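Reading through the structure tokens given below for one structure.
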Amino acid sequence: MPELAEVEFYRKQWDCGLRQIVTRVALHKGKRLFRDTGTERLAVRLLSRRLVGSEARAKQMLFRFSGAGAKSPSLWLGVHLGMTGRLSVAHANFKPGKHDHLVLFQKRQALVLTDARMFGRVRLYEAAEPPGWWTALPPAVTSEDFTPELLAEFCKRRARLAVKAALLVQTRFPGVGNWMADEILWQARIDPRQLCGKLSRARITRLWEAARQVCATAMETVGIDFSDPPRGWLYHARWSGTGRCPRDERPLQTATIGGRTTRWCGKCQR
DNA sequence: CGAGATGTTCGGCT
DNA sequence: AAGCCGAACATCTC
């Protein structure tokens, strides 16, 4: 489920645990979620550490814990929520359910990671600086580095790729997922089946603007309190099979593009 | 009961 | 050889 803004929302769910020490760790050993980091190591290392900060970028989260001693390096917990992951807070006497694979107990509450399908991943690093995979994440769609020129260059290199599939490429559109990709194309009035190489410079600029707008607005709504995106967005129509285009009321088209269910308006998207 | 799901990765094909 | 596509991953819901 989680894309850019949902990830930011979930990250904040653990904020109430800031400045507090982990008193107990519960986890489900051997689950796919922990494929990068042995579960034994995870449990041992997190114990007695203090949660001191967190950040979300793209679909990734990075939680920082204090070192074991004053001079010890920080501990970094990387979390990706996959398709069905979420973070929540529970009472200190919480009993983990079947899909609550990682629970960090603190004095006043428990920080819970739930993920039924386990497409997510958890990884642990001990170092003074954040891990390389984190610092190497591409520039955010809303950043100054994400320029129309960068997008034009990308479209040129991926000339044979449908633009819908292109929007899901995380190295260029970090954090954009399936519903955001559809929203961006609808707002830019571009047919998701269009090949990147066929897009005019003017349409690439429209795509660039729509991408930035959708990402920024999603962060201000979903990212703040999980409230709905603005009225009039495709978002509200795309979930039901009978959904209609908010602009012209035409029934939405449905197809699999880039391996994902895609919905668009055959009239206003060209 | 079968199909599909707001994601990533890998193997194979062009 | 880069780049594209489909399958696999594991579980739940419609």
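Predicted, not measured: the structure shown is a model, and the values here were computed from it.
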Under 3.5 Å side-chain donor-acceptor pair for A:E183 and A:Q187: yes

Parallel, tilted or perpendicular, as decided by the 30° and 60° cut-offs, for the rings of A:F173 and A:F154: perpendicular

Sequence-distant partners of A:R158, salt bridge (Lys or Arg N to Asp or Glu O under 4.0 Å), two or more places apart: none

Distance, rounded to the nearest Å, where A:E153 contributes CD and C:dG3 contributes C1': 15 Å

Per A:K59 side chain, nearest of listed nucleotides B:dA5, B:dT8, C:dC12: B:dT8

Heavy atoms of other groups near A:R123 CZ, more than 12 under 6.0 Å: yes

A:W186 six-ring centre to A:R263 NZ/CZ under 6.0 Å and within 45° of normal: no

Worked verdict on A:R117 versus A:T84 for side chain to side chain donor-acceptor pair (under 3.5 Å): CA-CA 6 Å; A:R117 291 174 74 180; A:T84 51; 5.4 Å; no

Whole angstrom value for the distance that separates P of C:dA10 from NE2 of A:H101: 11 Å

What pairs of nitrogen or oxygen atoms, one from the protein and one from nucleotides 4-8 of chain C, lie under 3.5 Å apart?
unit_1, atom_1, unit_2, atom_2, d
C:dC4, OP2, A:R158, NH1, 2.7

Contact under 4.0 Å: A:K98 side-chain N or O vs C:dC12 OP1/OP2: yes

DNA chain B-proximal residues of residues 181-193 of chain A, any heavy atom under 4.0 Å: none

Modelled atom types, side-chain donor and acceptor of A:T217 and A:Q213, under 3.5 Å: yes

A:Y10/A:F226 aromatic ring centres below 6.0 Å: yes

Distance between P atoms of B:dT9 and C:dA1 (Å, rounded): 23 Å

Rounded distance in Å - CH2 (A:W239) to C1' (C:dT13): 15 Å

Axial cation check for A:F65 ring with A:R49, 6.0 Å and 45° limits: no

A:H99 side chain near C:dA10 phosphate (N/O to OP1/OP2, under 4.0 Å): no

Gap between atom CZ of A:R50 and atom CG of A:L18 - 0.5 Å precision: 11.0 Å

Pairing annotation in dot-bracket form, given for DNA chain B with Watson-Crick or G-U pairs under 3.5 Å and | for cross-strand partners: .||||.||||||||

Nucleic acid contacts of residues 116-123 of chain A, taken as heavy-atom distances under 4.0 Å to DNA chain C: A:A116, A:R117, A:M118, A:F119

Phosphate OP1/OP2 of B:dG7: any A:T84 side-chain N/O under 4.0 Å: no

Whole angstrom value for the distance that separates C1' of B:dT8 from CG of A:N178: 13 Å

Atom-to-atom span, CZ of A:R35 to C1' of B:dG7 - whole angstrom: 10 Å

Between B:dT9 (C1') and A:L33 (CG): distance, integer Å: 16 Å

Donor-acceptor side-chain pairing of A:Q269 and A:Q253 below 3.5 angstrom: no

A:H80 side-chain N/O to B:dT8 phosphate OP1/OP2 under 4.0 Å: yes

Integer-rounded Å distance: C:dA10 C1' and A:L81 CG: 16 Å

Between CG on residue A:L234 and CG on residue A:L185, distance to nearest 0.5 Å: 9.5 Å

All pairs passing salt bridge (charged side-chain N to carboxylate O under 4.0 Å, His left out) where residues 186-201 of chain A contributes a residue, at least two apart: A:E149-A:R201, A:D191-A:R193

Separation of the P atoms in C:dA10 and B:dG11, to the nearest angstrom: 16 Å

Gap between atoms CG and C1', on A:D115 and B:dA5 respectively (whole Å): 13 Å

Sidechain-backbone polar pair: A:T114 side chain, A:D100 backbone, donor-acceptor under 3.5 Å: no

Under 3.5 Å: donor-acceptor pair, side chain of A:K12, backbone of A:V7: no

